[in-house]
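First the proteins, then the strands, lettered A, B, ... as listed; each starts at 1.
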Amino acid sequence: MDTVWGLKEHLETELRQQGLWHLFTDVEMVLIPVLVAMERNGILLDTDLLREMSRELGEQLVKLEREIYSSVGHQFNINSPQQLGRVLFEELRLPQSRRTKSGYSTEASVMEALRGVHLVVEFVLQYRQLSKLKSTYIDVLPALINRKTGRVHTTFNQTGTATGRLSSSDPNLQNIPIRGELGGKIRRAIIAPPEAYLLSGDYSQIDLRVLAHLSQDPGLIAAFAQDEDIHSATACRLFGVSRDEVTPEMRRNAKTVNFGVIYGMSDYGLEQATKLSRGVSRDEVTPEMRRNAKTVNFGVIYGMSDYGLEQATKLSREEASQFIALYFEKYPKVKEYLETTKEQARKLGYVQTVLGRRRFLPEINSSNRVVREAAERMAINAPVQGSSADIIKIAMINLHREMERRSLKSKMLLQIHDELLFEVPEEEVEEMKSLVAEVMPSAFQLCVPLKVDIKVGRNWGEMA
DNA sequence: ACAATGGTCC
DNA sequence: ACTCGGACCATTGTA
């Protein structure tokens with residue numbers, strides 16, 4: 001017993017000395033009862049819908065199975081990457097690109113490229129997608145319903161991540177599908193009880209807003225201050241100057257170059273990169289350009305290399321690296337911030353979030369370049385991702401406290417990194433909307449506003 | 001039981 | 001030689 005109290009003394013002293021006492025007591029400790037309440041609340045499922053989906057999917061999978069076997073000529077285990085690899089790359093002699101340690105890679109990105117080469121590829125991709133969703137969510141979730149509560153209760157792990165995020169397990173309710181038709185359908189099976197609604201509040205672009213704050217980059221700050229669509233704004237910034245200066249010829253040239261870059265047909269020199277800098281007006285920002293800008297935005301947050309960007313955008317390596325150079329030209333303080341962050345990591349051995357949460361990166365000084373650069377990417381990402389995590393934790397605490405103070409019946413159900421999901425009785429919908437709209441944006445004061453989108457619906461799939 | 005592979009989310 | 005940050009989990013195949 002003495003040693004336990006001694007340990008407490010020691011750790012408290014240590015935390016105080018390191019400036020982490022506030023984070024520990026006022027955030028992490030206070031968050032515990034909030035998480036407990038969320039776990040106990042649990043989520044409600046439409047089991048009929050899931051059962052029906054399972055049946056339908058089962059039929060579809062049998063059909064796909066038959067298609068795959070007949071186009072290959074025999075049966076095999078489609079779920080085995082090993083067997084699938086042998087079928088595709090030995091029997092069918094499809095062109096192989098990447099290899100894994102033990103054979104051929106059959107991951108989706110590899111097979112995407114083989115679409116059209118052989119009919120079976122399309123079937124396998126479909127099969128993969130359907131069977132993934134069926135076996136991971138549609139069939140599993142109903143089996144996890146608690147007999148007493150009739151609900152599914154996840155476990156939130158507060159100490160599991162390197163950055164300060166929460167994680168969710170048994171089941172993981174932070175990776176419920178959302179993309180694609182089927183993803184939305186699965187979310188529709190997460191419902192509110194009669195007379196109640198689901199309400200979600202999600203931070204809009206919180207990572208990029210945090211980056212704007214941490215880097216103090218004027219361009220990023222201005223974009224958010226004016227509540228611009230940041231991806232479009234980035235596209236405009238990378239490709240254009242002020243709208244009224246753009247001549248028709250400049251526009252046309254830039255447009256051509258932009259599409260050339262996007263389609264990655266040829267390589268471009270520095271001159272072309274310069275051309276990129278005066279080009280299109282806002283209304284000429286195409287979906288493709290916006291998408292590439294978006295990728296770069298996220299890429300910066302993640303510490304993406306030019307290789308990663310190449311993979312993500314189909315730009316050639318050279319184009320990609322120029323694109324990044326151009327980005328840093330347009331957002332110079334971001335560049336500066338990334339450098340000083342890495343420098344801090346090298347000097348102190350750690351980086352930190354807005355609340356002082358630390359991630360230690362001993363490998364930042366490794367002589368192995370691959371190891372070192374991995375640590376550098378972590379050094380860049382951790383303060384951004386971690387600060388976002390800090391902020392939403394504060395929001396959760398404040399919301400929970402206020403809901404309790406007002407004796408609201410609404411329940412906090414889930415946190416999905418930048419989003420909170422609530423179950424709200426009909427008569428509390430308006431009050432909860434206002435409350436979430438008030439508390440989430442004011443959880444932490446950055447140098448740019450925090451924006452929150454609020455949606456309400458009878459299920460998690462169709463919320464407006 | 002564990003590693004490898006693949007895939008879902010933010 | 002390089003393969004984007006953070007998670008969790010299903011399945012296969014080997015130990």
Side-chain angles (χ1 to χ4, degrees), chain A residues 76-85 97-111 124-125 127-141 144 154-157 159-180 182-183 186-187 202-208 210-211 295-313 317 320-321 324 338 351 359 361 368-389 392 414-420 460:
Chain A
F76 65 100
N77 189 341
I78 307 166
N79 292 316
S80 163
Q82 194 184 80
Q83 293 184 40
L84 180 62
S97 46
R98 259 164 35 81
R99 299 204 49 144
T100 63
K101 279 178 196 164
S102 48
Y104 314 96
S105 171
T106 67
E107 69 178 59
S109 68
V110 170
M111 301 197 32
V124 170
L125 283 168
Y127 177 93
R128 276 256 182 87
Q129 194 200 359
L130 298 190
S131 77
K132 175 75 179 183
L133 297 181
K134 182 170 187 289
S135 68
T136 308
Y137 306 100
I138 294 170
D139 290 341
V140 171
L141 289 178
L144 294 171
T154 186
T155 300
F156 287 107
N157 191 338
T159 58
T161 69
T163 57
R165 272 188 176 182
L166 300 176
S167 71
S168 156
S169 64
D170 308 296
N172 180 358
L173 294 179
Q174 290 180 323
N175 74 342
I176 300 297
I178 186 171
R179 293 169 193 140
L182 197 50
I186 292 173
R187 290 213 168 191
D202 76 284
Y203 283 112
S204 165
Q205 309 295 351
I206 188 171
D207 282 356
L208 284 166
V210 166
L211 179 64
T295 305
V296 177
N297 275 335
F298 281 114
V300 169
I301 291 174
Y302 295 158
M304 185 193 268
S305 63
D306 50 0
Y307 179 86
L309 185 63
E310 174 190 347
Q311 294 303 301
T313 59
R317 180 78 57 93
S321 95
I324 290 174
L338 300 186
V351 292
R359 177 166 190 180
L361 298 160
N368 180 327
R369 207 199 75 196
V370 176
V371 172
R372 184 179 64 247
E373 289 182 346
E376 289 177 351
R377 291 191 293 271
M378 295 175 203
I380 291 165
N381 176 254
V384 176
Q385 187 181 118
S387 297
S388 302
I392 196 168
L414 297 179
Q415 186 251 51
I416 312 102
H417 309 306
D418 63 354
E419 173 184 7
L420 296 176
W460 201 14

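A/N157 comes within contact range of no nucleotide atom at all, as no heavy-atom separation falls under 4.0 Å. Counting any heavy atom pair closer than 4.0 Å across all strands shown, A/N175 reaches a base atom. Across all strands, A/S131 comes closer than 4.0 Å to no nucleic acid atom at all (heavy-atom distances). Within the 4.0 angstrom heavy-atom criterion, only backbone atoms of the sugar-phosphate kind lie near A/I178; the bases stay farther away. Within the 4.0 angstrom heavy-atom criterion, only backbone atoms of the sugar-phosphate kind lie near A/S105; the bases stay farther away. At a threshold of 4.0 angstrom between heavy atoms, the contacts of A/A389 with the nucleic acid are absent.
Atom CD1 in A/I186 sits about 9 Å away from atom C1' in B/dT8, given to the nearest Å. As a whole-Å value, the separation of A/D139 CG from C/dC9 C1' is 14 Å. One can place CG of A/L141 at 12 Å from C1' of C/dC9, the figure rounded to the nearest angstrom. Rounded to a whole Å, the CD atom of A/Q83 is 15 Å from the P atom of C/dT11. What separates NZ of A/K134 from P of C/dA10 is a distance of 14 Å, to the nearest Å. The CZ atom of A/R165 sits 11 Å away from the P atom of C/dC8 (whole-angstrom rounding). One interatomic measurement links the two molecules: CZ of A/R179 to C1' of B/dC9, which rounds to 7 Å at whole-angstrom precision. For the pair A/L84 CG and C/dG13 P, the interatomic distance rounds to 11 Å; values are reported in whole Å.
A side-chain donor-acceptor contact under 3.5 Å links A/D207 and A/S388.
When distances run from any side-chain atom of A/M378 to the nucleotides C/dG6, C/dA10, B/dG6, the shortest one goes to C/dG6. With distances taken from any side-chain atom of A/Q385 to the nucleotides C/dA10, C/dG5, B/dT8, the minimum falls on C/dG5. Between C/dG6, C/dC9, B/dT8, one nucleotide has an atom nearer to the side chain of A/S169 than all others, and that is C/dC9. Distances were taken from every side-chain heavy atom of A/S80 (C-beta onward) to each of C/dT11, C/dG13, B/dG6; the shortest belongs to C/dG13. Here B/dG6 is the nucleotide among C/dT3, B/dG6, B/dC10 with the atom lying nearest to any side-chain atom of A/T100. Taking only side-chain atoms of A/N79, from C-beta outward, the nucleotide of C/dG6, C/dT12, C/dC9 with the closest atom is C/dT12. Looking at the side chain of A/T136, the nearest of the listed nucleotides C/dA10, B/dC10, C/dC8 is C/dA10. Among B/dT8, B/dG6, C/dG6, the nucleotide with an atom closest to any side-chain atom of A/E107 is B/dG6. With distances taken from any side-chain atom of A/V140 to the nucleotides C/dG13, C/dG5, C/dA10, the minimum falls on C/dA10.
Looking at A/T100, its side chain never comes within 3.5 Å of a backbone N or O of A/S105 through a donor-acceptor pair. No donor-acceptor pair under 3.5 Å is formed between the side chain of A/S168 and the backbone N or O of A/F156. At distances below 3.5 Å, not a single donor-acceptor pair connects side-chain atoms of A/Y203 with backbone N or O atoms of A/H417. When atom types are taken as modelled, the side chain of A/T161 and the backbone of A/G164 share a donor-acceptor pair closer than 3.5 angstrom.
Summarising the geometry, atom CH2 belonging to A/W460 is positioned 4.0 Å from atom CD1 belonging to A/I416; distances are rounded to the nearest 0.5 Å.
In terms of phosphate contacts, A/R377 brings a side-chain nitrogen or oxygen within less than 4.0 Å of OP1 or OP2 of C/dT3. In terms of phosphate contacts, A/T106 brings no side-chain nitrogen or oxygen within less than 4.0 Å of OP1 or OP2 of B/dT5. Phosphate contact (OP1/OP2 of C/dA10, side-chain N/O of A/S135, threshold under 4.0 Å): absent. Contact between the side-chain N/O atoms of A/N172 and the OP1/OP2 oxygens of B/dC9 is not found at any separation under 4.0 Å.
Nucleotides C/dC4 and B/dG6 are separated by 16 Å at their P atoms, to the nearest Å. Comparing C/dA1 with B/dG7, their P atoms sit 27 Å apart, to the nearest whole Å.
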(request) Decide side-chain hydrogen bond (donor to acceptor under 3.5 Å, both in side chains) for A/N157 and A/T159; before the verdict, give the C-alpha distance in whole Å, the side-chain angles of both, and the deciding distance to 0.1 Å. (result) CA-CA 6 Å; A/N157 191 338; A/T159 58; 3.2 Å; yes
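Under 3.5 Å, the side chain of A/R369 and the base of C/dC2 form no donor-acceptor pair of N or O atoms.
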